[in-house]
Amino acid sequence: MSNTVIKVAARELDLMKKFYMPSLSEKVPPGGVFAAKLPGCTITAYKSGKVMFQGKSHESEAARWGSPVHKQAPQSKTSGSPLPPSISAMSVMGSDEVGTGDYFGPMTVVAAFVEKEQIPLLKELGVKDSKNLNDVQIVEIAKNLLTFLPYSLLVLPNEKYNRLQASGMTQGKMKAILHNQALNNLLGKISPLIPEAILIDQFAEADIYFRHLKDQKKVCRSNVFFSTKAESVHLAVAAASILARYAFIKEFEKLSKEAGFTLPKGAGRQVDEAAARLIRKHGKQSLMHFTKVHFANTGKAEKLAEKR
Ligand code: MN
């Protein structure tokens with residue numbers, strides 16, 4: 001789990017203890033002065049003056065008191081076989097998906113193959129973790145990548161997503177099936193070339209991933225590695241992620257056109273309101289086409305739609 005450690009003077013430690021008085025825990029670890037538990041953060045203060053913040057809001061909570069002693073870079077975690085030590089410099093096929101948390105728009109999955117000689121070019125084109133890129137940058141980089149990079153793109157339309165979901169399939173299983181399919185497609189495309197490694201941006205532990213695939217005819221298994229934050233392990237995953245987001249943006253634009261207004265991303269309140277507008281305009285049934293209907297947004301949108 002990510003955490004922040006700060007160091008404070010003894011006087012400050014007292015102040016902090018007072019501040020967290022309502023949330024103090026009874027259990028204090030050896031060498032500890034106090035421990036406190038907030039909804040999004042656990043705080044442990046030590047006699048040495050070191051205070052550790054753990055949990056979702058570790059950064060913001062620690063920031064009240066001082067700056068981190070050493071900021072830990074987010075670490076990627078591997079499941080299944082350990083990553084080859086030099087994987088970043090290898091010829092790698094990477095895969096990633098987009099759209100799983102968005103109420104509107106389809107899930108998109110891309111596998112992309114990056115040969116080691118192409119790594120400098122990808123860097124030059126600005127390929128990096130797509131979370132740090134805005135839509136305009138994504139489109140620009142993706143258009144470049146599409147001209148030369150071997151890839152396989154799969155789009156899961158919401159009609160099909162909703163059908164699978166209603167039949168009891170989890171989103172995790174859908175992802176596993178699509179990743180596997182994209183990887184198999186791409187292996188076929190680049191043949192006789194073979195990647196030195198296949199890296200999946202981890203959304204499930206390796207054994208769960210393969211369990212999801214137990215009924216699939218062809219399972220891409222050899223040389224497959226899993227890592228969280230895999231975009232920062234190899235640019236093939238970063239490129240796959242950019243292409244998946246590009247496809248998602250395109251699909252989203254199409255859907256917005258059909259809807260007659262701009263659909264919002266994510267699954268927040270604006271999304272409820274937009275879905276209510278869709279219901280009024282195109283009927284409840286249209287949600288099967290535009291949305292992932294099992295999200296809680298559906299119920300909220302139906303209520304909003306009835307209001308007027
Ligand atoms: Mn991912």
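Whatever order the structure lists them in is the order used to number ligands and atoms, beginning at 1.
- Atom-to-atom distance recorded for Ser95:OG and Leu243:CG is 12.5 Å, nearest 0.5 angstrom.
- Between Tyr20 and Phe34, the ring planes are tilted. Angles from 30° to 60° get that label.
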Begin from the C-alpha positions of Phe226 and Phe210 and carry the test ring-ring contact (aromatic ring centres under 6.0 Å, His included) through to its verdict.
CA-CA 11 Å; Phe226 300 85; Phe210 287 117; 5.8 Å; yes
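- Side chain to side chain, Tyr103 and Thr298 meet the donor-acceptor criterion of an N or O pair below 3.5 Å.
- Taking the ring centre of Phe295 as origin, the terminal cationic atom of Lys300 falls outside the region bounded by 6.0 Å and 45° from the ring axis.
- Note on the Mn ion (ligand 1): protein N/O/S atoms under 2.8 Å are Asp96 OD1, Asp201 OD2.
- Of the charged side-chain nitrogens involved, none lies within less than 4.0 Å of a carboxylate oxygen, so that Lys303 and Glu306 do not count as a salt-bridged pair.
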